[in-house]
Chemist: 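Here it is, the structure in full.
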Amino acid sequence: MKLFMDTAAIEDIRTAARWGVLDGVTTNPTLFAKVGGSYDDVLREICGLTPGPVSAEVVAADVEGMLDEGRHFAALAPNIVVKVPMSEEGLEAIARLRAEGIRTNCTLVFSANQGLLAAKAGASLLSPFVGRLDDINEDGMAVVRELVAIVDGYGLDAEVLAASIRSPRHVTQAALAGAHIATVPLAVLRQMVHHPLTDSGIAAFRRDWEAAQAPR
Ligand code: G3P
């Protein structure tokens, strides 16, 4: 399973790149608002940190507006993927961007049917939001599982990107559900690195090594 960073924070993305685990990046207006500045500049910088897909999200509600924003983002760097929300207008924008050779990530997917429609319209990435479904007492991972079965079963030309990942357990569950990609914030990536027994084991080995150096 590929791991994307779900952030627009350059330093967080650099950290994942240094760890050798960065396969791509997803941003959205909320994540961009946390860093500020120029969205274009932030996107260009992120695209320089990874050759993997970097999602840039449109905010227009109408098809022509989505197309304008999508074309603009796609011209910023070759690895930009235009993030388009699931809607009637979004499906049309996805289909038209696909016809122009621009890759899209259909976002705000909350059901397997929505993901199926996005794949048929031509989205290359399908983003079910796991955490937000869990928040309303639904089973977010079930949508990932269903969508993966549909995409893989029919050999659709799309990848399921588990989004709204809130915990390391979500990452394991997404991998077991067959998600092609999970996008995670740095905090979750850090939680994945650490285990109390690993951390105490490192400390014990260091302590024992130092004790062995002392004169007997
Ligand atoms: O990429 C967007 C998605 O991951 C949002 O996550 O935590 O705001 O539901 P969250």
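Just follow the structure's listing: the first ligand is 1, and inside any ligand the first atom is 1. Quick caveat, the model's predicted, so the values are computed rather than measured.
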Chemist: Measure the CG-CE distance between Leu133 and Met141 for me, rounded to the nearest 0.5 Å.
Modeler: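 Answer for the CG-CE pair, Leu133 versus Met141, is 10.0 Å.
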Chemist: Looking at residues at least two apart in the chain, or sitting in another chain, which of them share a salt bridge (charged side-chain N to carboxylate O under 4.0 Å, His left out) with Glu138?
Modeler: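 Testing Glu138 for salt bridge (charged side-chain N to carboxylate O under 4.0 Å, His left out), a comparison that skips the adjacent residues, returns none.
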Chemist: With distance as the sole test, does Ser164 use its side chain to make a donor-acceptor pair with the main-chain N or O of Gly131 at under 3.5 Å?
Modeler: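 Flag set: sc Ser164 to bb Gly131 pair under 3.5 Å.
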Chemist: In plain terms, say whether Arg96 and Glu64 are close enough for a salt bridge, that is, a side-chain N and a carboxylate O under 4.0 Å apart.
Modeler: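 Here Arg96 pairs with Glu64 in a salt bridge, since their nearest N and O are under 4.0 Å apart.
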Chemist: Going by atom type alone, with no hydrogens or angles, which donor-acceptor pairs under 3.5 Å involve a side-chain atom of residues 24-34 and a protein atom two or more places apart or on another chain?
Modeler:
unit_1 : atom_1 : unit_2 : atom_2 : d
Thr26  : OG1    : Asp6   : OD1    : 2.7
Thr26  : OG1    : Thr183 : OG1    : 2.6
Thr27  : OG1    : Tyr39  : OH     : 2.7
Thr27  : OG1    : Ser55  : O      : 2.7
Asn28  : OD1    : Thr30  : N      : 3.0
Asn28  : OD1    : Leu31  : N      : 2.7

Chemist: Please output the side-chain donor-acceptor pairs of residues 206-216 that fall under 3.5 Å, not counting sequence neighbours, one pair per line with the distance.
Modeler:
unit_1 : atom_1 : unit_2 : atom_2 : d
Gln213 : NE2    : Trp209 : O      : 3.1

Chemist: Go ahead and list the nitrogen or oxygen contacts between ligand 1 and the protein that come in under 3.5 Å, distances to 0.1 Å, or just say none.
Modeler:
unit_1   : atom_1 : unit_2 : atom_2 : d
ligand 1 : 1 (O)  : Asp6   : OD1    : 2.9
ligand 1 : 1 (O)  : Asp6   : OD2    : 3.3
ligand 1 : 1 (O)  : Lys83  : NZ     : 3.3
ligand 1 : 4 (O)  : Asp6   : OD2    : 2.5
ligand 1 : 4 (O)  : Ser164 : N      : 2.8
ligand 1 : 7 (O)  : Arg166 : NE     : 2.9
ligand 1 : 8 (O)  : Arg132 : NH2    : 2.9
ligand 1 : 9 (O)  : Arg132 : NE     : 2.7
ligand 1 : 9 (O)  : Ser164 : OG     : 2.6
ligand 1 : 9 (O)  : Arg166 : NH2    : 2.9

